[in-house]
Amino acid sequence: MSTLPPLIVPHRFNGPPRSGNGGWTCGALAATLPAQGIGTAVTVTLRLPPPLDVPMPVLATAAGATVTRDGQAVAEAVYAETRPVPVAPVSAATAAEAEARYLGHRSHPFPTCFACGPDRRVGDGLRIFAGAVAPGDADDQRVAATWTPYESAVPIAWAALDCPGGWASDLEGRPSVLGRMTAELRSLPRTSQRYVVVGELRGLDGRKTFTAATIYGPNDEVVATAEHTWFTVDPESFR
């Protein structure tokens, strides 16, 4: 194993108030891999809540990379065994309409979350507010939103793929945090380009929730796609 530059999750990129946004943290670790993990699928498993503003050692391993704190693994990245399956697309008009149904405006476990927090100002948080595409249709478990990046980087793209998956599930009844994420970035989103982000619920198993999310560019081009495993938690323990 070889040591890489330490990974720091700046406070700006929080999910819960005291820990890093799961998608951003996973993407930051994926970005330590050759070619920054672009063009191949990477799986990152979060072992502990990522601390904020703390330099954490990163070790390159035969399988990928591991970030630690006080000798404990915080997150582990490996090249994925299978590619994530994209969520079916929706039009930009449909996604924009769905934003009005974003449940996080009514009740949000972590309203300052970098990716989906309504308390974040424009130009600071991503403010991706994914709402139901077909409310009342039990056969369509998708949520969607539009997104125009003001900055672009691998961790930003992973963060954009994170929370739309979570909001495809019942975050009011089952508050959850990200436990594992497999993402494939085919290219980096471009600033000032309007994208559609679509999330989908794919299953439940005890405390686990399985979801997916895809970023679409013009002509339904898949820019990036991801699959997630979430774990239900008591939000108070993360505040």
Side-chain angles (χ1 to χ4, degrees), residues 1-82 84 109-110 112-117 125-126 153-163 165-166 171 174-185 205-211 226-239:
M1 294 189 296
S2 60
T3 303
L4 300 170
L7 188 152
I8 300 175
V9 182
H11 193 278
R12 177 190 171 206
F13 301 118
N14 70 288
R18 295 186 289 110
S19 56
N21 171 268
W24 192 95
T25 305
C26 290
L29 185 57
T32 67
L33 302 178
Q36 293 192 312
I38 298 175
T40 187
V42 177
T43 296
V44 181
T45 301
L46 293 166
R47 301 295 185 188
L48 296 171
L52 300 171
D53 298 320
V54 175
M56 294 179 287
V58 179
L59 300 176
T61 67
T66 299
V67 61
T68 66
R69 184 186 186 191
D70 298 333
Q72 290 185 293
V74 174
E76 300 165 343
V78 298
Y79 291 104
E81 296 181 359
T82 58
F110 308 119
T112 61
C113 172
F114 170 69
C116 67
L126 300 186
V154 170
I156 298 288
W158 279 65
L161 287 165
D162 175 7
C163 297
L171 287 185
R174 291 170 56 92
S176 302
V177 294
L178 186 67
R180 176 173 293 162
M181 182 171 177
T182 297
E184 179 187 9
L185 271 57
D205 181 12
R207 290 183 58 226
K208 297 179 182 179
T209 302
F210 304 100
T211 66
E227 294 175 343
H228 325 83
T229 302
W230 304 79
F231 291 90
T232 58
V233 297
D234 176 1
E236 291 301 324
S237 66
F238 283 80
R239 290 180 179 139

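Both backbone and side-chain heavy atoms feed into the values below; hydrogens, waters and symmetry mates do not.
The structure places CD of Glu184 at 11.0 Å from OG1 of Thr43, a figure rounded to the nearest 0.5 Å. Here the NZ atom belonging to Lys208 is positioned 15.0 Å from the CH2 atom belonging to Trp230, to the nearest 0.5 angstrom. Arg12 contributes atom CZ, which lies 13.0 Å from atom OG1 of Thr112 (distance to the nearest 0.5 angstrom). One distance of note links CG of Leu178 with OG1 of Thr45; it measures 9.5 Å at 0.5 Å rounding.
Listed by first and then second residue, the side-chain hydrogen bond (donor to acceptor under 3.5 Å, both in side chains) pairs that reach into residues 62-73 come to none, sequence neighbours excluded.
Using a 4.5 Å heavy-atom cutoff, the side chains of Asn21 and Trp158 are not in contact. A 4.5 Å side-chain heavy-atom check between Ser19 and Phe110 finds every atom pair outside the cut-off. Side-chain atoms of Val74 and Leu29, non-hydrogen and from C-beta on, never get closer than 4.5 Å to each other. Glu227 places none of its side-chain heavy atoms less than 4.5 Å from the side chain of Phe210. Residues Val9 and Met56 form a side-chain contact, since some pair of their non-hydrogen atoms from C-beta on lies under 4.5 Å apart. Between Glu76 and Thr61, every side-chain heavy-atom pair lies at or beyond the 4.5 Å cut-off. The shortest distance between side-chain heavy atoms of Phe114 and Pro10 does not fall below 4.5 Å.
One N or O on the side chain of Arg207 and one on the backbone of Thr232 form a donor-acceptor pair closer than 3.5 Å. Formation of a donor-acceptor pair under 3.5 Å by the Arg18 side chain with backbone atoms of Leu52 is not found in this model. Judged by distance alone, with hydrogens and angles left aside, the side-chain atoms of His228 form no donor-acceptor pair with the main-chain N or O of Cys163 at under 3.5 Å.
In plain terms, the two heavy atoms of Gly206 and Arg174 that are nearest each other are O-NH2, 3.0 Å. Nearest approach of Trp24 to Pro155, heavy atoms of both residues: NE1-CB, 3.3 Å. Contact record, Val233 with Pro235: O-CD, 3.3 Å, taken as the closest heavy-atom pair. Contact detail for Gly23 and Asp162: the closest heavy-atom pair is N-OD2, 2.8 Å. Of all heavy-atom pairs between Leu46 and Gly22, the closest is CD1-CA, 3.9 Å. Taking every heavy atom of both residues into account, Pro55 and Pro6 meet most closely at CB-CB, 4.2 Å.
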task = Output, in order, the C-alpha distance, side-chain angles, deciding distance and verdict of side-chain contact (heavy atoms from CB on, under 4.5 Å) for Leu185 and Gln36.
result = CA-CA 10 Å; Leu185 271 57; Gln36 293 192 312; over 6 Å; no
inquiry  = Under the criterion side-chain contact (heavy atoms from CB on, under 4.5 Å), I'd like the reasoning laid out for Leu171 against Ser176: C-alpha separation, chi angles, the key distance, then a yes or no.
reply    = CA-CA 6 Å; Leu171 287 185; Ser176 302; 4.1 Å; yes
task = Please lay out, stage by stage, how Phe13 and Ile156 fare under the test side-chain contact (heavy atoms from CB on, under 4.5 Å).
result = CA-CA 9 Å; Phe13 301 118; Ile156 298 288; 4.2 Å; yes
